[in-house]
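For reference, the structure is listed below as structure tokens.
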Amino acid sequence: MPELPEVETVVRGLRTVLPGRRIVSIRLGKTDFMDDPAILERHLPGQRIEAVERYGKFVLLRLVSATKAHGLQSDGRQRYSLLVHLGMTGNLSLRPAAEPLRPHTHACFALDDGRELRYTDPRRFGRVALLSEDALGSVLGKLGLDPLETSLADFRQRFAGRRAMVKALLLNQSVLRGLGNIYADESLWRARIHPARHASTLAPRQVSLLYRSIRRVLSDAIRLGGSSISDFVDAGGLPGEFQLRHRAYGREGKGCFRCGARIRRILVAGRSSHFCPRCQRAPRRKH
DNA sequence: CGTTGAACCTGTTTGC
DNA sequence: TGCAAACAGGTTCAAC
């Protein structure tokens, strides 16, 4: 579910409500996917949410201790950020505190306005962590470029000399941050590049087409509120609409929107990869 | 470096 | 119908 456009959609929804709110108490369910639940319980109550940000596929709540009169950590205590990764099935939503919990709700953060920020995640592939500035920096520092905030020149540089298959590179968060299986396939379809092409064999023209395709696909998807394949909903519970615009992902056996050939699905980099065998020519086999 | 497969965990869909 | 296998938006680690 959650790739860059879905996470951005969630963040935008949270941003309309959370900044300025104080976390008054928390309740945790299963905690095996959290870095350190005890730290959450000890330090989260009493924090005020200053800002909501997205970094790649991570949601970031910037916090400041609400016990101090002016919000500045004048006592020299650490500033914390709550880091949330939605994994495959994670969901953040804002609900009235009195509303019954949905199944698989593993964290409830009660706010000072009577609402709760709730984290739900059936598979528990997500991540929840309360991190100091330093710890946060070391997590985010491993990530690559944000495709929407990157120049063509920098994008090129990231691909230069890489022999890996282009699909593997697009999914690698230390190269680009935010793409996942859906948007990698959609971008490659748009750029007419086969997922198993080795990056170093792409012509400069193709690299720039890929760059533009990624940005177009991601910004269109953000505009439509992300893709809802089976269960993605935004912070208010509404589904996205970009799944109606998918051209490759999930369309195995159906006609290519450009040429009519049947979309195929193969395994590349260990992931299902959907592509048009006519528009996206297979790389010449090295012998 | 790059690739592959397994692992983490639960729910849904597909196939015999 | 029923049950097992396959599959799912992600990431990490070991082994080669």
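The structure presented is a predicted model; accordingly, all values stated were derived computationally and were not measured. So that the names make sense, note that chain A is the first sequence line, chain B the second, and so on, each numbered from 1.
Between L170(A) atom CG and dG2(B) atom P there is a gap of 14 Å when expressed in whole angstrom units. In this structure, the CG atom of N172(A) is 13 Å from the C1' atom of dT3(B), given to the nearest Å. What separates CG of D121(A) from C1' of dA8(C) is a distance of 13 Å, to the nearest Å. One interatomic measurement links the two molecules: CD1 of I266(A) to C1' of dC7(C), which rounds to 17 Å at whole-angstrom precision. The distance from atom CG of L171(A) to atom C1' of dG10(C) is 10 Å, rounded to the nearest whole Å. Between R265(A) atom CZ and dA8(C) atom C1' the separation is 10 Å, expressed in whole Å. Distance M88(A) CE to dT11(C) P: 10 Å, rounded to the nearest Å. When the P atom of dT11(C) is taken as reference, atom CG of L176(A) falls 13 Å away, rounded to whole Å.
Between H104(A) and dG11(B) there is a side-chain N or O to OP1 or OP2 distance below 4.0 Å. Applying the 4.0 Å criterion to OP1 and OP2 of dG10(C), one finds that H85(A) has every side-chain N and O outside that range. In this model, the phosphate group of dT3(B) is not approached by any side-chain N or O of R271(A) to a distance below 4.0 Å at OP1 or OP2. At dA8(C), one or more side-chain N or O atoms of S272(A) fall inside 4.0 Å of OP1 or OP2 (strictly under the cut-off). A close approach under 4.0 Å does not occur between any side-chain nitrogen or oxygen of R124(A) and OP1 or OP2 of dC8(B). OP1 or OP2 of dT10(B) has at least one side-chain nitrogen or oxygen of K30(A) nearer than 4.0 Å. Note on Q173(A): a side-chain N or O is less than 4.0 Å away from OP1 or OP2 of dT11(C). Contact annotation: K142(A) does not reach the phosphate of dT11(C) (side-chain N/O to OP1 or OP2, under 4.0 Å). Phosphate proximity of dG2(B) to R162(A): present, with a side-chain N or O under 4.0 Å from OP1 or OP2.
Note on D154(A) versus R158(A): no salt bridge recorded, every NZ/NE/NH1/NH2 to OD/OE distance being 4.0 Å or above. Using a cutoff of 4.0 Å between basic side-chain nitrogens and carboxylate oxygens, R54(A) and D146(A) are scored as salt-bridged. Using a 4.0 Å cut-off between a side-chain N of Lys or Arg and a carboxylate O of Asp or Glu, E133(A) and R62(A) qualify as a salt bridge. Taking a cutoff of 4.0 Å between a charged side-chain nitrogen and a carboxylate oxygen, R223(A) and D220(A) qualify as a salt bridge.
When heavy atoms are screened at a 4.0 angstrom cut-off, F33(A) is found touching no nucleic acid atom at all. Nucleic acid contact for S228(A): base, since at least one base atom lies under 4.0 Å from a heavy atom of the residue. Looking at heavy-atom distances under 4.0 Å, G270(A) makes no contact with the nucleic acid at all.
In a base pair of the Watson-Crick type (N1 to N3 plus N6-O4 or O6-N4) or a G-U wobble (N1-O2 and O6-N3), with each distance short of 3.5 Å, dC9(B) is matched with no nucleotide.
Listed nucleotides: dT4(B), dC9(B), dT11(C). Nearest to the side chain of M165(A): dT4(B).
Between R163(A) and L267(A), the residue anchored closer to the 5' end of DNA chain B is R163(A), taking for each the nucleotide with the nearest heavy atom.
The gap from the P atom of dA5(C) to that of dA6(B) amounts to 15 Å, rounded to the nearest Å. Taking the P atom of each, dG5(B) and dA6(C) are spaced 14 Å apart, rounded to whole Å.
In this pair, Y211(A) and F155(A) present their aromatic rings tilted. The plane angle is within the 30 to 60° band.
Nearest heavy-atom pair across A199(A) and L169(A) is CB-CD2, 3.5 Å.
Here F125(A) does not count as stacked on dC9(B), because the ring centres are not under 5.5 angstrom apart with planes under 30°.
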